[in-house]
2 protein chains.
Amino acid sequence: MSAEQIQTALKILKGAGVRMTPQRHAILSYLMNTKSHPTVDEIYKSLGGKFPSMSVATIYNNLKMFKDLDLVKELTYGDSSSRFDANMEEHYHVVCLKCGTIEDFYYSGLHQVEEEASTSTGFKVISHRMEVYGVCSDCQVQH
Amino acid sequence: MSAEQIQTALKILKGAGVRMTPQRHAILSYLMNTKSHPTVDEIYKSLGGKFPSMSVATIYNNLKMFKDLDLVKELTYGDSSSRFDANMEEHYHVVCLKCGTIEDFYYSGLHQVEEEASTSTGFKVISHRMEVYGVCSDCQVQH
DNA sequence: CTACTTGCAAACTTTTTGCTTGCGA
DNA sequence: TCGCAAGCAAAAAGTTTGCAAGTAG
């Protein structure tokens with residue numbers, strides 16, 4: 001993710017009256033510089049070198065705030081813990097059922113589904129979510 | 001859900017060598033007769049009148065088996081606990097962001113998304129999942 | 001300076017596990 | 001009768017909370 005996007009995020013935080021701390025900055029830039037959709041535990045372990053004293057609560061607190069400010073999205077799959085994604089463009093995920101890898105892909109044309117849902121249920125539709133499940137190319141090779 | 005479908009489910013269980021018990025039957029028919037996509041806790045409370053001594057572990061055990069035999073699906077939304085759905089037809093859900101109600105809706109035409117995902121990521125696609133979020137008609141009325 | 005943040009530990013929630021007793025076929 | 005299933009409680013695992021101490025602005 002570009003440095004420019006991180007600057008934008010920092011402005012949003014400042015605008016919301018949020019104080020910047022080294023931990024907060026590290027969590028944010030870690031999320032914005034990875035494509036791996038990490039769990040809280042993965043963030044915790046990854047930043048443990050830089051901040052040995054950082055607690056998981058700090059990560060949870062910050063992620064919740066980032067979510068409220070629409071800087072990150074929380075992904076909940078069947079597995080036990082949530083994953084987080086700082087890519088806020090409209091995109092979707094393909095999840096490997098063998099190794100758990102998550103890859104992004106882009107697709108447009110799902111707004112029709114929202115319309116259909118609205119018509120058939122009477123809901124005022126706000127958003128949608130979709131994922132594709134399968135086996136990634138690496139796992140297909142290993143028989 | 002029709003009694004016929006319950007009979008089919010019972011045959012599948014019998015065929016898999018699964019022994020029938022009153023609790024198991026109650027959990028299964030409860031799921032097959034509701035459209036509410038209940039959580040474990042809701043099932044537990046609903047059947048508590050009939051089986052005061054039933055433990056949550058029994059519900060978890062049975063649901064896991066039902067899932068393995070493809071009799072129910074587990075739904076994981078952002079909220080804390082899983083929900084379960086015995087409607088195995090291909091269908092989707094609209095979730096109300098205010099009251100949490102989940103309604104079914106039907107739509108065909110998402111197989112193209114699977115193809116697109118496969119082409120762009122190299123995954124061997126197996127399934128997909130999608131949900132629409134919004135506000136249900138009841139919650140729209142209450143200002 | 002002072003209110004927001006962090007770190008820590010305890011609490012809570014959901015789900016899983018181990019083991020004994022019970023009961024369906 | 002025999003082995004799968006239920007009940008129970010303890011343990012995991014993930015997340016939230018309360019409070020004292022630290023620090024950004």
Side-chain angles (χ1 to χ4, degrees), chain A residues 10-30 37-69 71-84 100, chain B residues 9-31 37-69 71-84 100:
Chain A
L10 293 179
K11 271 180 201 158
I12 291 171
L13 288 170
K14 190 171 224 170
V18 172
R19 183 178 295 174
M20 189 47 50
T21 66
Q23 293 90 334
R24 180 162 294 159
H25 190 279
I27 296 167
L28 183 65
S29 56
Y30 179 77
H37 314 84
T39 61
V40 166
D41 199 56
E42 281 158 12
I43 299 172
Y44 181 62
K45 291 203 171 73
S46 297
L47 299 182
K50 231 175 182 172
F51 301 96
S53 72
M54 185 165 63
S55 78
V56 284
T58 297
I59 298 174
Y60 279 105
N61 284 339
N62 279 290
L63 289 175
K64 179 183 267 184
M65 165 194 301
F66 295 161
K67 268 198 309 183
D68 289 345
L69 294 173
L71 297 175
V72 308
K73 271 209 171 108
E74 181 171 3
L75 315 173
T76 56
Y77 299 111
D79 55 351
S80 39
S81 49
S82 289
R83 298 182 164 275
F84 294 86
Chain B
L10 293 179
K11 271 180 201 157
I12 291 173
L13 288 170
K14 190 171 225 173
V18 173
R19 182 179 295 172
M20 190 46 50
T21 66
Q23 292 90 336
R24 179 162 295 159
H25 191 278
I27 296 167
L28 184 64
S29 58
Y30 178 77
L31 269 174
H37 315 85
T39 61
V40 166
D41 199 55
E42 282 160 12
I43 300 172
Y44 181 62
K45 291 205 171 70
S46 296
L47 299 182
K50 229 175 183 172
F51 302 96
S53 71
M54 185 166 63
S55 78
V56 283
T58 298
I59 298 175
Y60 278 104
N61 286 337
N62 278 291
L63 288 174
K64 181 184 265 184
M65 165 195 302
F66 295 161
K67 267 198 313 183
D68 290 345
L69 294 173
L71 296 175
V72 309
K73 270 205 171 110
E74 183 172 1
L75 315 174
T76 55
Y77 300 112
D79 55 349
S80 41
S81 47
S82 289
R83 298 181 164 276
F84 294 85

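When reading the values below, keep in mind they use all heavy atoms of this one structure, side chains included, and skip hydrogens, waters and symmetry mates. Quick note on labels: first sequence line is chain A, next is B, and so on, each numbered from 1. Since we're looking at a predicted model, the values are computed, not measured.
In this structure, the NZ atom of A/Lys50 is 15 Å from the P atom of C/dT6, given to the nearest Å. The distance between atom OH of A/Tyr44 and atom P of C/dG7, rounded to the nearest whole Å, is 9 Å. Look at CD1 on B/Ile59: it is 12 Å from P on D/dC8, rounded to the nearest Å. Atom-to-atom, CG of A/Asn61 to C1' of D/dC19 comes out at 13 Å; the value is rounded to the nearest Å. Look at CG on B/Leu63: it is 14 Å from P on D/dA5, rounded to the nearest Å. Nucleotide D/dC4 holds its C1' atom 14 Å from the CG atom of B/Leu13, rounded to whole Å. Atom-to-atom, NZ of B/Lys45 to P of C/dT13 comes out at 11 Å; the value is rounded to the nearest Å. Rounded to whole Å, atom P of D/dT15 lies 10 Å from atom CG of A/Asp79.
With sequence neighbours left out, B/Arg24 forms a salt bridge (charged side-chain N to carboxylate O under 4.0 Å, His left out) with no residue at all. Looking at residues two or more places apart in sequence or on another chain, you find no side chain to side chain donor-acceptor pair (under 3.5 Å) involving B/Tyr60.
For A/Lys64, whose side chain is taken as the heavy atoms from C-beta onward, the closest listed nucleotide among C/dT17, D/dT17, D/dA6 is D/dT17. Here D/dT17 is the nucleotide among C/dT14, D/dT17, D/dG14 with the atom lying nearest to any side-chain atom of A/Ala57. Side chain of B/Gln23, nearest nucleotide from D/dG14, D/dG7, C/dT6: D/dG7.
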side-chain contact (heavy atoms from CB on, under 4.5 Å) between A/Met65 and A/Leu71, intermediate numbers included: CA-CA 9 Å; A/Met65 165 194 301; A/Leu71 297 175; over 6 Å; no
Could you go step by step and tell me if A/Leu10 and A/Leu28 meet the side-chain contact (heavy atoms from CB on, under 4.5 Å) rule? CA-CA 9 Å; A/Leu10 293 179; A/Leu28 183 65; 4.0 Å; yes
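Side chains of B/Glu42 and B/Thr39 form a contact here, defined as non-hydrogen atoms less than 4.5 Å apart. Residues B/Ile59 and B/Ile27 are in side-chain contact: their nearest non-hydrogen atoms beyond the backbone lie under 4.5 Å apart.
Across all strands, A/Ser82 comes closer than 4.0 Å only to sugar-phosphate atoms, never to a base (heavy-atom distances). Among the protein residues, B/Asp41 comes within range of no part of the nucleic acid, since none of its heavy atoms lies under 4.0 Å from any strand.
The side chain of A/Ser55 contributes no N or O atom lying less than 4.0 Å from OP1 or OP2 of C/dC8. OP1 and OP2 of C/dC4 both lie 4.0 Å or more from every side-chain N or O belonging to A/Arg24. Between B/Tyr60 and C/dT16 there is no side-chain polar atom (N or O) within less than 4.0 angstrom of OP1 or OP2. The phosphate of D/dA6 has OP1 or OP2 within less than 4.0 Å of a side-chain N or O from B/Asn62.
The heavy-atom pair separating B/Tyr30 from B/Pro38 by the smallest distance is CE2-CG, 3.9 Å.
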Could you list the protein-to-nucleotides 19-25 of chain C atom pairs, N/O on both sides, closer than 3.5 Å?
{"residue": "C/dG24", "atom": "O3'", "partner": "B/Met20", "partner atom": "O", "Å": "2.9"}
{"residue": "C/dG24", "atom": "N2", "partner": "B/Arg19", "partner atom": "NH2", "Å": "3.4"}
{"residue": "C/dA25", "atom": "OP1", "partner": "B/Met20", "partner atom": "N", "Å": "3.3"}

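Nearest-nucleotide positions on DNA chain C place A/Met65 closer to the 5' end than the other of A/Met65 and B/Ser81.
By the 4.0 Å N-to-carboxylate-O rule, A/Lys45 lies close enough to A/Asp41 to be salt-bridged with it.
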